Amino acid sequence: KKNIYFVKQIKNLLLRSQKIVAYLPPSAKEMYKTIFLGTGFFYILIGFAVFVMIFNKTVVTFPDMQQHMDEVYELYGGNEWIKFYEYIEALEAEIDEKSRVADNIMKNIGSSNFRVDDINEAMRIRRVVETQRRCLEEYYSKIERRKSVEKNSGVVIYLMTDRGYNEAIGNNSIIRESIVGIILIVLTVWTTIKTIGMEDKEQTKPLLRITKVGLKKIWKQKLICILSLSGTYILLIVGVNLFFLFWQYNLTSIHAPIQSVGFMAEYPLRITVVQYIILLTALRVIIVLGAIGGTLMLVSHNKNTNKLYIPIILCVYSTAYIMIPATSSLFLLVISTIVMVIMIIVGCLYSYYNWCNKR
């Protein structure tokens, strides 16, 4: 009896939701069908759950020494390096003084004033000195890189930490961004297949052809549905990804030249860090939209195409999502963007023609 009551309540809830959906615009109805009819909502939840899990697994906590150096960069950073040079000089003097104190303690071994605790103190001082010398090595490398970049490209770089940027947009971000790209493209391709192929699967196109609305308007509503849902995926996954990266790694100096980031020292474009992040995000969005175009073309060509070529679509566009934004060649970036835009336009036009004319 409890099970029967539960089933009745579910049916009543669905009936009430159908009454609400009846008042929605046509494109919103298409979104409702795509997400809530069948297992769509379940797949979307899985995609977001995987993204959250991967992000938590790839978060890095830096050691205390690196956190201290990052605090120094934040305190003395910017395009003026004078205070940083003064800090290095003071640190060098402090290291020399501590080294002399430790050496004097060790010279007193065996004297009448010697204590066992003095050895422990000398060892502690030497450990501190060793840590400070490792910090100095990184500071010196920053200075050398500044001279090299200004000599080779004429760009005046900023003093800043690039540890967080290496995790956010560098080599250490490849695993996370690869999985984010795969999730986005899988969700987008699935949404496109389900939205466009629903009428073919149910064999209702002949009936829709003679309705007052007509196939042309229905196709436009479906395209709005696909773009809206894909835009929502991008906004949530990419937006949340960027937000947590900035929050987790305290990405500062976003208006510095991108060459200020160590692994981007030879990047050819003269843009700032925030402009590079925007460019990177825009390229990935275009690739995701390109996946929509490619899927539209294949699904419209043959309703069985998804069984044959969709895995290829997923592999090609997932690889493009990872590889294209990482290239430093302006020519390849422009060509790749043009190809993706053409794919979007051709895919939409081809799908529109087949949807409205193919029986």
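What you see below is based on every heavy atom in this structure, not just the backbone, and it leaves out hydrogens, waters and symmetry mates. Everything quoted here is computed from the prediction, not taken from an experiment.
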Please determine which of R133, R100, E130 meets the side chain to side chain contact (heavy atoms under 4.5 Å, CB included) test together with I95.
R133

Using a strict cut-off of less than 4.0 Å between a Lys/Arg side-chain nitrogen and an Asp/Glu carboxylate oxygen, indicate whether [X] and [Y] qualify as a salt bridge.
| X | Y | answer |
| --- | --- | --- |
| E138 | K142 | no |
| E137 | R134 | no |
| E86 | K83 | no |

Provide the closest heavy-atom pair for [X] versus [Y] in the form atom of the first, atom of the second, distance.
| X | Y | answer |
| --- | --- | --- |
| G290 | Y317 | O-OH, 3.1 Å |
| M340 | I286 | CB-CG2, 3.4 Å |
| E74 | N250 | OE1-ND2, 3.8 Å |
| R176 | A168 | NH2-O, 2.9 Å |
| L184 | Y321 | CD1-OH, 3.8 Å |

Verify the distance criterion only: is there a donor paired with an acceptor across the side chains of N241 and E177 at less than 3.5 Å?
yes

Has the side chain of [X] got a donor or acceptor atom that lies under 3.5 Å from a matching backbone atom of [Y]?
| X | Y | answer |
| --- | --- | --- |
| S230 | I226 | yes |
| R126 | D103 | no |
| S173 | G170 | yes |
| R270 | P257 | no |
| N152 | S148 | yes |

From CD (Q67) to OG1 (T61), nearest 0.5 Å
7.5 Å

Side-chain heavy atoms of H68 within contact of M65, under 4.5 Å
no

Are the side chains of Q66 and M69 in touch, meaning some heavy atoms are under 4.5 Å apart?
yes

Mutual orientation of the aromatic rings belonging to W81 and Y85 [parallel < 30°, tilted 30-60°, perpendicular > 60°]:
tilted

List for me each residue that meets ring pair (Phe, Tyr, Trp, His ring centres under 6.0 Å) alongside Y233, sequence neighbours excluded, and say none if there are none.
none

Residues which pass ring pair (Phe, Tyr, Trp, His ring centres under 6.0 Å) with Y73, listed by chain and number, not counting sequence neighbours
Y139

